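This report concerns only the one structure given below.
Protein chains get the first letters and strands the later ones, always in sequence-line order, with residue 1 at the start of each. Not measured: the values here are computed from a predicted model.
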There are 2 protein chains.
Amino acid sequence: MNALKKETEKIIIEAAKEVFVEKGLQGARMQEIADRAGINKALLHYYFRSKDKLFDAIFEDIMSEMFVVVAKNIRSDMSLPDLLEVFVKFYNDFFQKNPFYPQFIFHEIWQNPDRLSEIMKSQQIAPAEIVEKIQQKVPAIGNSGLTAQHMIANVLGMTLFPHIARPLFQRVFFNNDDGEYARFLNERTDFLKAFMSVMVQGATTLNDAGEPDEDF
Amino acid sequence: MNALKKETEKIIIEAAKEVFVEKGLQGARMQEIADRAGINKALLHYYFRSKDKLFDAIFEDIMSEMFVVVAKNIRSDMSLPDLLEVFVKFYNDFFQKNPFYPQFIFHEIWQNPDRLSEIMKSQQIAPAEIVEKIQQKVPAIGNSGLTAQHMIANVLGMTLFPHIARPLFQRVFFNNDDGEYARFLNERTDFLKAFMSVMVQGATTLNDAGEPDEDF
DNA sequence: TATTTTTTTAACCATTTGGTTAATTACTTT
DNA sequence: AAAGTAATTAACCAAATGGTTAAAAAAATA
């Protein structure tokens with residue numbers, strides 16, 4: 001009865017993901033999604049009513065893929081550097097497989113930040129819990145001014161930025177060679193591991209060189 | 001004769017920048033640009049022929065704003081940490097004044113990476129020169145596997161990412177408070193300064209903990 | 001197998017949107 | 001001031017696009 005129905009629905013979602021992720025909500029065309037799914041355009045509306053609804057469906061899907069690692073590991077008893085390493089490795093793999101994702105996600109968040117609030121609720125992860133868990137793992141964190149928030153920004157920045165800036169970086173610094181750039185990305189996860197240990201240590205030391213509050 | 005002409009042209013460019021930067025090439029509407037400029041839509045075509053041409057004009061403009069700091073300072077005899085500090089401070093200010101810029105730029109680069117090649121040519125800065133200058137300033141760079149490229153990725157990542165991820169971060173970690181987030185951003189430039197000294201030192205040391213090539 | 005329900009399609013429709021045109025206004029030049 | 005040129009506008013146009021509809025095909029039910 002709905003074995004086929006579920007099947008088409010999946011086909012549509014996959015095609016829609018491809019097109020939306022590549023072109024963005026505004027740039028995507030319903031006709032192109034239908035073509036890539038190999039179905040009639042009217043079916044898109046039959047299953048998802050409107051472009052916006054279809055987009056919402058795939059966007060929540062993608063955000064889930066993003067957050068599930070965090071949700072699955074944040075409650076483990078790993079050390080903070082080990083935990084961060086798990087995240088770094090996951091996102092490095094994930095974004096090499098889905099190069100458009102990071103750029104796409106932030107673009108759509110900027111286009112409609114309110115959508116984020118809805119999605120955070122449906123996710124199995126509360127933002128406050130992340131900070132809380134980090135502070136729990138490293139109680140002395142922030143003693144030097146390097147708060148959990150700064151740490152997250154550092155790790156995510158160093159990890160995600162080379163993916164976001166890939167077309168720029170790869171062209172400018174790596175002759176636009178995919179293989180060279182993949183090697184570059186993978187190198188990074190290794191030294192990021194070392195960096196994180198140092199950072200976590202530094203974050204627990206009072207008033208070292210990293211003291212950031214001098215201006216305030 | 002063309003004092004007025006130059007004036008309208010500027011008004012158009014400013015309005016176009018606003019709209020394109022907020023909505024992207026696909027999301028922007030010529031009518032909205034005209035409205036914000038307070039002129040008739042036909043004037044846009046009178047001055048710039050097409051949407052694409054208008055976009056090219058403002059995009060090159062914006063990329064110039066981005067690269068001019070690099071071009072102006074890369075040839076100075078500052079130490080590498082001092083030089084990086086100049087960049088970090090500039091981009092931190094620049095993107096607080098223009099919050100949409102980083103997201104916008106990377107979005108459009110992903111949408112059409114080829115446009116980048118054209119623009120790089122017209123810029124007063126060759127990518128090879130940047131790497132070259134860094135190696136010149138710190139000849140021992142890369143001895144530990146931390147190449148100039150990695151350094152650039154680290155510094156830009158930690159600097160730009162909190163701007164790119166702003167709507168996410170600000171909501172999730174700072175109660176969506178503009179002031180709190182501005183403080184957070186400014187704190188970062190201070191400890192990034194300390195970080196860069198450490199990083200440059202680390203990059204010149206052979207086979208320390210940061211050795212990234214173990215897997216290859 | 002006949003009938004009812006669900007899925008799929010081709011043909012349409014209304015709106016939006018980038019772009020054009022012909023006329024009007026403003027400005028220069030002589 | 002008259003004539004000529006450049007800037008500006010209102011009205012229009014064609015193509016693209018999200019969405020609808022009525023009919024056909026397929027599947028489920030009786």
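- The aromatic rings of B/Tyr181 and B/Phe174 stand perpendicular to each other, their planes meeting at an angle above 60°, with 30° marking the opposite boundary.
- Under 4.0 Å is where a charged nitrogen must lie from a carboxylate oxygen, and between B/Glu32 and B/Arg36 at least one such pair does.
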Just do the side chain to side chain contact (heavy atoms under 4.5 Å, CB included) check on A/Ile134 and A/Leu83 with the steps written out, would you? CA-CA 10 Å; A/Ile134 292 179; A/Leu83 182 63; 5.8 Å; no
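- At whole-Å resolution of the value, CG in B/Leu43 and P in C/dT25 are 16 Å apart.
- For DNA chain C, the neighbouring residues in residues 29-41 of chain A, judged by any heavy atom under 4.0 Å, are A/Ile39, A/Asn40.
- Place A/Ala28 and A/Ala42 on DNA chain D by their nearest nucleotides, and A/Ala28 ends up nearer the 5' end.
- Following rounding to the nearest Å, A/Phe48 (CZ) and D/dG18 (C1') show an atom-to-atom distance of 16 Å.
- Using a 4.0 Å cut-off between charged side-chain N and carboxylate O, A/Asp56 and A/Arg115 make a salt bridge.
- The shortest distance between the side-chain N/O atoms of A/Tyr47 and the OP1/OP2 oxygens of C/dT7 is not below 4.0 Å.
- Relative orientation of the B/Phe184 and A/His150 rings is parallel, given thresholds of 30° and 60° on the angle between their planes.
- In this structure, A/Phe94 and A/His163 have side chains that are not in contact, with every pair of non-hydrogen atoms separated by 4.5 Å or more.
- Not counting sequence neighbours, the partners of A/Glu129 by the salt bridge (charged side-chain N to carboxylate O under 4.0 Å, His left out) test are A/Arg75.
- Between the CZ atom of A/Phe55 and the P atom of D/dG18 there is a distance of 14 Å, given to the nearest Å.
- A close approach under 4.0 Å does not occur between any side-chain nitrogen or oxygen of A/Tyr46 and OP1 or OP2 of D/dT21.
- One atom, CD of B/Glu9, and another, C1' of D/dT8, lie 15 Å apart when rounded to the nearest Å.
- Atom-to-atom, CG of B/Leu25 to C1' of C/dG18 comes out at 12 Å; the value is rounded to the nearest Å.
- Between B/Thr8 and D/dT8 there is a side-chain polar atom (N or O) within less than 4.0 angstrom of OP1 or OP2.
- With rounding to whole Å, B/His45 atom NE2 is found 17 Å from C/dA22 atom C1'.
- For the pair A/Leu54 CG and D/dG18 C1', the interatomic distance rounds to 12 Å; values are reported in whole Å.
- Spacing between atom CG of B/Leu44 and atom P of C/dT20 amounts to 12 Å, rounded to whole angstrom units.
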